[in-house]
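The sequence lines fix the lettering, A, B, ..., with proteins before strands; numbering per chain opens at 1. Computed from heavy atoms alone, side chains included, the values below leave out hydrogens, waters and symmetry copies.
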Amino acid sequence: MTTYTPSEIEARWQTAWDKAGTFKALRDPSKPKYYVLEMFPYPSGRIHIGHVRNYTMGDVIARYKKSNGFNVLHPMGFDAFGMPAENAAMASGGHPKEWTYKNIDDMVEQMKPMGFSLDWERMFATCDPEYYGQQQALFLDFLEAGLVYRKNAVVNWDPIDMTVLANEQVIDGKGWRSGAEVERRELTQWFFKISDMAEELQDALNDLDDWPAKVRLMQENWIGRSRGLEFSFERSDGGDPISVYTTRPDTLMGASFVGISPDHPLAKELAATNPAVQTFREDCNKGGTTAEALDTAEKLGFDTGLKVKHPLDPNWELPVWIANFILMDYGTGAIFACPAHDQRDLDFCRKYDLPVVDTFFDLENGAPVQKDAFVPPKEQKVRWVDHFAGLTEATGQDAIDATITFAENAGWGTGKTQFRLRDWGLSRQRYWGCPIPVVHCDDCGVVPEKKENLPIKLPDDVSFDIPGNPLDRHPTWRDTPCPACGKPAKRETDTMDTFVDSSWYFARFTAPRAETPTEKADVEYWMNVDQYIGGIEHAILHLLYSRFFARAMQITGHLPEKAREPFNALFTQGMVTHAIYKTQRQDGRPVYYYPEEVELRDGSAFLKEDGKEVDIVPSAKMSKSKNNVVDPMNIIEQFGADTARWFVLSDSPPERDVEWTAAGAEASYKFLNRVWTLCQRISAMEDGDSSQDVALRKELHKAIHDVTMGVESFGFNAAIAKLYAFANILSKSKASKPAMREAIMTLAQLMAPMTPHLAEDIWHHHGGEGLLANAPWPKADESLLVDDTVTLPIQINGKRRAEIEVPADMDKAEVEKIAMATDAVKKALDGGSAKKVIVVPGRIVNVVV
RNA sequence: GCGGACGUGGCGAAAUGGUAGACGCAGCAGACUUAAAAUCUGCUAUCCGAAAUGGGUGUGCGGGUUCGAGUCCCGCCGUCCGCACCA
């Protein structure tokens with residue numbers, strides 16, 4: 001007897017699909033389309049087991065939809081620009097381009113054996129000039145439409161690497177690579193006008209019914225809509241009034257001082273004549289803009305000596321302070337402080353000995369502010385002191401609304417909606433990115449490049465031996481005639497943030513070789529992405545940027561109206577984790593061991609070398625430094641792709657993390673082996689007992705129903721459990737050969753989305769017609785799903801005491817009669833009568849005594 | 001600080017308000033084998049009991065709604081995640 005040899009089976013069927021062009025996606029208006037997309041990988045060089053899980057889920061959906069008659073688009077590409085390529089070049093002297101394309105080749109080599117139903121002909125990398133050239137064309141269109149602009153902005157600057165760092169790249173105030181103290185620096189940068197769409201981006205979240213609520217909520221918090229009042233304080237010295245924004249205008253009678261940001265124009269103006277102000281501003285700019293840096297930063301203030309008039313009482317003067325905690329790019333960059341009802345303001349006022357005035361009290365306790373600021377929820381009713389809108393007892397929200405109305409009527413303020421969302425700064429002082437296609441001309445200023453000159457390609461002859469941007473110091477690349485006047489001019493040397501590259505690739509997949517960013521007929525047909533799958537780590541940035549891009553592309557005519565929201569459904573999958581085995585050295589530092597170095601016994605781990613017990617940290621994120629990474633290629637070599645695919649889907653629900661265990665992978669392999677053996681056994685069997693056929697067919701159709709439901713609802717682990725259960729039933733069945741054959745072939749069909757190679761092999765072994773990959777999905781026969789008789793549990797006062805077997809269609813009264821006649825019920829009633837009897841047909845009987 | 005999710009056997013986990021623990025791992029017993037591995041069969045929440053189509057307990061804790069709660073509501077405790085000087 002032959003054995004299950006995945007390497008042979010998998011190669012054979014991959015070749016067959018390839019030859020037949022089974023997964024090639026062609027536009028076909030006669031068929032409904034389905035676009036499945038997994039977030040494309042960064043070409044690090046190795047496929048990670050997390051990728052395998054992500055693409056397997058997408059592949060299950062793609063194959064399932066194909067068998068349900070959809071014309072499926074399932075593409076793959078690479079998010080190929082970014083810092084790791086430059087870092088590799090700096091570390092080992094190669095070129096980012098070679099490094100990247102080599103990695104892409106390696107990864108494609110590793111992905112092909114997985115048997116994903118991908119249309120490889122559509123593959124591209126974002127570092128292909130054919131791709132980023134079209135991205136430059138989009139940029140020019142956005143520029144013309146006013147969706148991109150240039151402005152000064154404060155950024156994290158690494159003085160050693162000489163580049164801007166993203167907030168995530170600043171650790172404890174130091175550059176993550178150089179270790180240098182990060183400075184705040186003002187630079188002229190390009191920005192996408194995403195804040196213009198804040199309202200729309202937030203409102204439209206409500207319609208994304210097939211997105212996880214968690215992701216929608218995270219985006220909502222990020223966009224951060226708030227409603228408040230904007231008004232101005234007149235200056236006592238007659239200077240320009242100071243405009244402020246507040247969400248708590250109701251606390252105006254508790255104002256203590258007016259604060260402005262160190263970057264506020266007034267602060268700059270004062271600094272010009274007063275060196276002390278300038279020194280203070282510089283002190284504020286030390287340290288990064290990261291959350292940690294801000295969290296630990298002490299509140300600093302500087303009294304300008306200026307005074308402003310309270311809008312409700314011209315005789316009430318408030319001092320103007322410069323304070324380091326006030327952000328220039330939120331609201332107006334100026335506030336009024338109410339220490340009684342804001343902890344941060346209270347801290348500041350205590351430090352600088354400024355007055356604290358209560359504006360409302362707790363209804364019950366009534367006490368004035370003592371240790372902490374009194375900040376009740378806005379819905380809570382409080383007692384107001386001297387409220388100018390005439391309130392005595394009201395909630396904070398009512399007071400806010402009344403105050404805004406009052407201010408608008410009196411003409412000294414206007415209600416305003418503010419967003420937390422800032423414009424997206426896209427300039428990076430990097431080589432390995434998409435060049436920003438503009439030219440700086442001494443006469444004409446900033447001039448967009450002509451579209452016929454695109455792509456503006458990156459030069460190949462660059463060096464990474466010294467820090468800074470190689471484009472900046474390239475001898476000739478910058479030189480170019482001005483597109484407007486033709487005189488010698490200089491190119492922009494900043495490149496685009498790599499998030500730009502991934503913000504529209506989904507649209508490009510619909511026509512990856514088009515001479516324009518998109519092709520009308522293709523985006524009309526293929527958009528939107530019907531199912532998008534990826535990690536929760538992209539919940540905010542990538543998904544928000546893509547939503548912005550889809551709108552911007554729609555405005556500039558590159559996408560149809562329906563693609564304003566590009567992803568109809570989103571699924572965020574969990575990680576693949578693995579236990580860590582470690583011990584501690586005497587100096588407290590951990591020593592990590594590879595899984596091969598330890599032996600597992602009764603839930604404990606021992607070193608093979610000397611039998612010493614080691615600590616187990618379960619379910620940890622895979623990390624090279626912790627020696628707990630599993631390489632999918634090893635798994636494929638050992639067990640085959642189908643086993644790897646089966647395992648990553650089983651055990652845990654897809655949205656949750658799944659722990660990779662050697663035992664689990666082996667169990668998957670054993671199961672596939674069993675199914676394969678069963679397939680052989682059935683073809684070799686003599687005829688069986690046909691009286692068993694109906695029972696088997698009923699189980700089969702239940703399995704069809706359950707697996708279909710599981711796949712439809714992303715319950716892959718539950719679908720797999722059903723497949724195990726049915727395979728167990730089938731292997732024990734004594735039914736006739738035709739019934740067994742029908743069952744194993746249908747089992748193969750049901751397994752095909754998860755283990756396509758084995759399924760295809762079984763299908764052919766039993767004479768299935770054509771490729772299983774093209775076969776229609778089996779339909780459950782409703783009449784076989786219902787049993788003739790059902791077993792009903794009988795509860796007495798909600799506790800299960802007995803069960804009865806009755807015909808499924810028996811009416812309630814009849815069931816009740818039988819139930820009441822059981823020994824358990826008779827005993828419980830003890831001659832008396834039941835208070836109540838509940839009969840749920842086909843479910844349960846509950847007798848209340 | 002603000003927002004959210006989750007909490008079920010030794011472990012990963014199932015369960016439209018209707019028999020809690022499907023399925024898998026681990027464990028135990030048996031068959032096959034000279035033996036082991038592989039494979040196959042059976043058992044496996046927990047306590048009492050020799051056993052029982054015996055009984056008690058049981059889905060983090062405390063209450064509530066309901067004939068009936070892992071599931072719904074209220075309050076705690078714990079774990080994880082996101083955001084955070086946002087006026």
Side-chain angles (χ1 to χ4, degrees), chain A residues 212-215 217-222 224 226 228-229 244-249 251 259 261 291-299 323-327 329-338 342-345 347-348 375 418-422 536-537 539-540 600-603 618-619 647 650-653 655-659 661-668 670-671 673-674 677 706 709 715 717-728 731-732 791-803 822-824 834-840 842-849:
Chain A
K214 182 188 170 125
V215 174
L217 194 74
M218 280 164 77
Q219 293 221 350
E220 196 173 311
N221 290 339
W222 187 265
S226 70
L229 182 73
V244 299
Y245 171 75
T246 178
T247 55
R248 291 309 296 259
T251 63
S261 163
E292 298 98 289
L294 296 170
D295 213 24
T296 50
E298 205 192 338
K299 304 232 175 323
N324 66 338
F325 64 83
I326 302 169
L327 307 170
D329 46 7
Y330 187 78
T332 61
I335 62 160
F336 81 80
C338 177
D342 183 301
Q343 191 58 43
R344 188 194 51 195
D345 292 348
D347 294 344
F348 190 89
V375 194
Q418 251 330 307
F419 294 90
R420 211 187 68 106
L421 183 68
R422 322 276 172 80
I536 186 76
E537 66 273 20
I540 296 172
L600 296 172
R601 257 181 284 135
D602 300 334
S619 304
F647 179 78
S650 57
D651 282 359
S652 280
E655 68 276 13
R656 227 178 285 176
D657 291 350
V658 63
E659 178 161 340
T661 62
E666 272 167 46
S668 298
K670 280 182 194 171
F671 175 73
N673 231 315
R674 250 168 65 208
T677 310
D706 291 348
M709 298 298 282
N717 58 323
I720 281 181
K722 296 292 176 194
L723 288 165
Y724 268 108
F726 179 69
N728 289 342
S731 69
K732 288 186 184 123
T791 307
L792 292 188
I794 300 191
Q795 292 184 338
I796 292 163
N797 292 336
K799 296 224 180 275
R800 184 179 159 279
R801 290 296 134 139
E803 49 182 50
T822 55
D823 291 346
K835 275 194 203 145
K836 198 170 182 181
V837 180
I838 288 111
V839 179
V840 184
R843 281 283 177 198
I844 205 163
V845 179
N846 193 10
V847 181
V848 187
V849 202

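Rounded to the nearest 0.5 Å, atoms OG1 (Thr822(A)) and CD (Glu803(A)) are 11.0 Å apart.
Of the possible polar contacts, one joining the Asn846(A) side chain to the Gly798(A) backbone as a donor-acceptor pair under 3.5 Å is found.
Residue contacts shown for Tyr245(A) include a base, since a base heavy atom lies under 4.0 Å away. Val840(A) comes within 4.0 angstrom of a base, heavy atoms only. Residue contacts for Ile326(A): at a heavy-atom cut-off of 4.0 Å it reaches a base atom on one of the strands shown. Counting non-hydrogen atoms under 4.0 angstrom, Leu217(A) reaches the backbone sugars and phosphates but no base. Nucleic acid contact class of Thr247(A) (heavy atoms, under 4.0 Å, all strands): sugar-phosphate only.
Below 30°, between 30° and 60°, or above 60°: for Phe671(A) and Tyr724(A) the angle between ring planes is between 30° and 60°, a tilted geometry.
In this structure the side chain of Asp651(A) never reaches within 4.5 angstrom of the side chain of Arg656(A), judged on heavy atoms. Proximity of Val837(A) to Val848(A): side-chain heavy atoms (C-beta onward) are nowhere separated by under 4.5 Å.
Comparing the P positions of C47(B) and C32(B) gives an interatomic distance of 33 Å, to the nearest angstrom. If you take atom C1' in U8(B) and the same atom in A15(B), they sit 11 Å apart, rounded to whole Å. For the C1' atoms, the distance linking A20(B) with A29(B) amounts to 27 Å, nearest Å.
Looking at the side chain of Lys732(A), the nearest of the listed nucleotides A22(B), U19(B), G42(B) is G42(B). Taking the side chain of Trp222(A) as heavy atoms from C-beta on, and the options G18(B), C83(B), A87(B), the nearest nucleotide is C83(B). Side-chain proximity of Arg801(A) to C85(B), G56(B), C67(B): nearest is G56(B). Residue Arg344(A) places its side chain closer to A87(B) than to any other of A87(B), G42(B), A14(B). Among the nucleotides G24(B), U19(B), A87(B), the one closest to the side chain of Gln795(A) is U19(B). Closest contact between the side chain of Asn846(A) and the listed nucleotides G68(B), U19(B), A87(B) involves G68(B).
For the pair Asn673(A) CG and A37(B) C1', the computed distance is 14 Å after rounding to whole Å. When rounded to the nearest whole Å, the span between CZ of Arg800(A) and C1' of G18(B) equals 13 Å. Between Ile796(A) atom CD1 and G18(B) atom C1' there is a gap of 16 Å when expressed in whole angstrom units. If you measure from atom CG of Asp823(A) to atom C1' of A52(B), you get 15 Å, rounded to the nearest angstrom. One atom, CZ of Phe671(A), and another, P of G24(B), lie 9 Å apart when rounded to the nearest Å. If you take CE of Met218(A) and C1' of C81(B), they are 8 Å apart, rounded to a whole angstrom. Whole-Å rounding puts the Asn728(A) CG to C40(B) C1' distance at 12 Å. Rounded to whole angstrom, the span from the CD atom of Glu666(A) across to the P atom of A38(B) amounts to 9 Å.
Each of Gly333(A) and Ile838(A) was assigned the nucleotide of RNA chain B with the nearest heavy atom; the assignment lying further toward the 5' end belongs to Ile838(A). Nearest-nucleotide positions on RNA chain B for Ala725(A) and Asp651(A) put Asp651(A) closer to the 5' end.
The base-pairing partner of G27(B), taking Watson-Crick or G-U wobble contacts with both distances under 3.5 Å, is C43(B). Summarising the base pairing, G7(B) is matched to C77(B) through a Watson-Crick or G-U wobble pair whose two defining distances lie under 3.5 Å. Both distances falling under 3.5 Å, in either a Watson-Crick or a G-U wobble arrangement, occur for no nucleotide opposite U59(B). Pair assignment for G70(B) gives none, since no Watson-Crick or G-U wobble pairing has each distance under 3.5 Å.
For Arg656(A) against C6(B), a side-chain-to-base donor-acceptor contact under 3.5 Å is absent. Side-chain to base pairing of Lys299(A) with C85(B): one donor and one acceptor N or O lie within less than 3.5 Å of each other.
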Start with the C-alpha gap between Ile536(A) and Lys214(A), add the side-chain angles, then the distance that decides, and say whether side-chain contact (heavy atoms from CB on, under 4.5 Å) holds.
-> CA-CA 9 Å; Ile536(A) 186 76; Lys214(A) 182 188 170 125; 4.0 Å; yes
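Within the 4.0 Å cut-off from OP1 or OP2 of A14(B), at least one side-chain nitrogen or oxygen of Asn717(A) is found.
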